[in-house]
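The structure appears right after this line, and notes come after that.
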Amino acid sequence: MWNNGKQLFAYNRHGYQLFQGTGTVKERKLSINTVLGQQDHSALIDKTPPRNDAKWQEAKPYNEMPGPSNWRLLSFFLPGGELHNTNLIQMNRRLRELYGDIYRFPGMMGKADVVFTYNPEDFEVTYRNEGIWPIRIGLESFSYYRKVQRPDIFNGIGGLVSEQGKDWADIRNKVNPVLMKVQNVRQNLAQLDLIAKEFIDKLETLRHPKTHTLQAEFHDQLKMWAFESISFVALNTRMGLLSDQPDPNAARLAKHMTEFFNYSFKYDVQPSIWPYYKTPGFKRFLKTYDNITEITTNYIEAAIQRFDATGNGKNKCVLEQLLGLNKQVAMVMVMDMLMAGLDTTSSAFITILYHLSRNPLKQELLQEELQRILPHPNDPLTEENTKNMPYLRACIKEGLRITSITPGNFRITTKDLILSGYRVPRGTGVLMGVLELSNSDEYFPHSAVFLPERWLKAAPPDQPDVQACPEARSRNPFIYLPFGFGPRTCIGKRIAELEIETLLIRLLRCYKVSWLAEEPLQYESTIILAPCGDIRFKFEPIATTL
């Protein structure tokens, strides 16, 4: 912090300019300390004396853990380096080949060290010691944009992605009853079912009657379904994205969200100098943030005006429920829902559909269950007929086991821990590589096989051809965690599950789906795993296959 006589500047340890304003140090001290405190996580780290028990003394020192040096790591990412232009999965696998099942990724550009581990016992130790306010550093650029670049919009609130400690807990406690209560989410079933039907109707207009292929990009269409769905849940607003006159701003938002995921991988995951120097690329990233903020803010403000004018009936959407608690939190949460609910849900859906399309016998077993749920394809989905869908839910779990949309879960340790026999000091990042273990025969027998039966405790009484196979499931509950664990479990988990279930029922009740691309489904890894490349399905009406 320094004062040039006219203006006061403050920087955090990463070099962020946190505050600039006129006035004396005394006049601005409180404001600066508030901002600095929001960026500093040291207050959440255990303050007890360093660990010195017998097990700690027996463990190997932290500096003996394998891993690249700072310069070696930097050389990996430079042009010609082993990790240049690799995605997150490729990066993790290559480093694991080089250094083993636990290695240290040195902190650079102000970041903390990160320990990568592929030992489920380490997962449990990390989670069991995360405390009531787990530290999961998300996107530093996200926090910088909201708290430093645009405090006029966000008023110091970073949202669940970037807040920590009591600030995070205060928000989470407000939104949990709205977003994590089953009945509160399932009140949207009828409308989500209507949206799924409209998606099927649109698919039919795009389907070639002879080849049964789509005359449009399926992933793009699916993003529009995902945004239409989350917009209704969050805002009670229909965007018309599945009609002939879609809202053009939704297409703009989809474009900017793709840019956001690409930029975020570059500036939040890979080493970057942006905390010290704002490169032209990072300035374009900030512009992308601006575009997303503008579009989502306009949607939210329009919804608020509608609530004021007409009310919203018996079932209130997320925004209206949260407005009664805290307007600023409501706006930030809904903005995050609109951002997160587009690419993540559509990517997960494609993954699950891909595995079903490659396993026609499993698809047939699922369709038997769906025919029981919906004897007539146009029957509505209800609370009653969607209660018992064990095979559908097993198929979703199995698809996300093979390819979850995030390759690992992350925490900052608040205590001194022993992981895989090494001392890991408090304040160190830990990345738990769940995706790798979910695809290992050591933890999931026949892991390469799409086997929904591994998630069934017992065979469904009305499906004699389905044989439960729980012994093929991992006995360690910390390996399969597609939505995270503990207090920081994904807040949108129940909404995403309901959306995916609803569309899968509608789609597979109408079509037999086959994979047409010559290669297996490919993924690009930004901060999520997103399907890419040749994504071609064949949608053959079930009536033509009987």
Under 3.5 Å, is there a donor-acceptor pair between the side chain of [X] and the main chain of [Y]?
| X | Y | value |
| --- | --- | --- |
| E228 | G240 | yes |
| E198 | L242 | no |
| E369 | Y391 | yes |
| N409 | M432 | no |
| S264 | F260 | no |
| Y523 | T403 | no |
| H376 | D379 | no |
| N439 | L435 | yes |
| D247 | N249 | yes |
| Q367 | Y511 | yes |

[X] to [Y] - nearest heavy-atom pair and separation:
| X | Y | result |
| --- | --- | --- |
| P120 | L437 | CD-CD1, 3.6 Å |
| S162 | F142 | OG-CD2, 4.1 Å |
| H212 | P541 | ND1-CD, 3.7 Å |
| S420 | N119 | OG-ND2, 3.1 Å |
| V175 | M333 | CG1-CG, 3.5 Å |
| R509 | P375 | NH2-O, 3.0 Å |

Q: Would you sort out whether R358 and Q363 count as a side chain to side chain contact (heavy atoms under 4.5 Å, CB included), showing the intermediate values?
A: CA-CA 9 Å; R358 294 289 299 270; Q363 186 179 157; over 6 Å; no
(Q) Under 4.0 Å between a side-chain nitrogen and a carboxylate oxygen: does that hold for E497 and K493? (A) yes
Q. Do R238 and F232 meet the cation-pi criteria used here (NZ or CZ under 6.0 Å from the six-membered ring centre, within 45° of the axis)?
A.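 Judged by the rule (NZ or CZ under 6.0 Å from the ring centre, within 45° of its axis), R238 is not positioned above F232.
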Q) Is R401 positioned over the aromatic face of F444, cation under 6.0 angstrom from the ring centre and no more than 45 degrees off axis? A)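 The answer is yes; both the distance and angle limits are met.
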Q: Kindly indicate, with the supporting measurements, whether the criterion side chain to side chain donor-acceptor pair (under 3.5 Å) is fulfilled by S229 and E499.
A: CA-CA 7 Å; S229 299; E499 291 177 3; 4.8 Å; no
Q) What's the spacing between L353 CG and W515 CH2 if we round to 0.5 Å? A)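 Taking CG in L353 and CH2 in W515, the distance rounds to 9.0 Å.
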Q. Between R488, R411, R136, which is the residue that forms a salt bridge (Lys or Arg N to Asp or Glu O under 4.0 Å) with E130?
A. R411
Q. Is it true that atom CD of E97 has more than 12 heavy atoms of other residues, nucleotides or ligands lying nearer than 6.0 Å?
A.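 Above 12, so yes.
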Q: Report the relative orientation of the aromatic rings in F349 and W225; use parallel for angles under 30°, tilted for 30 to 60°, perpendicular for over 60°.
A: tilted
Are the aromatic rings of [X] and [Y] close, with centres under 6.0 Å apart?
| X | Y | result |
| --- | --- | --- |
| H355 | F450 | yes |
| F265 | F261 | no |
| W455 | Y480 | yes |
| F539 | F218 | yes |

(Q) Is a donor from one side chain sitting under 3.5 angstrom from an acceptor on the other, for N184 and Q321? (A) yes
Q) Any side-chain donor paired with an acceptor under 3.5 Å for T211 and T213? A) yes
Q) Name the one of L431, V125, D122 that satisfies side-chain contact (heavy atoms from CB on, under 4.5 Å) with T117? A) D122
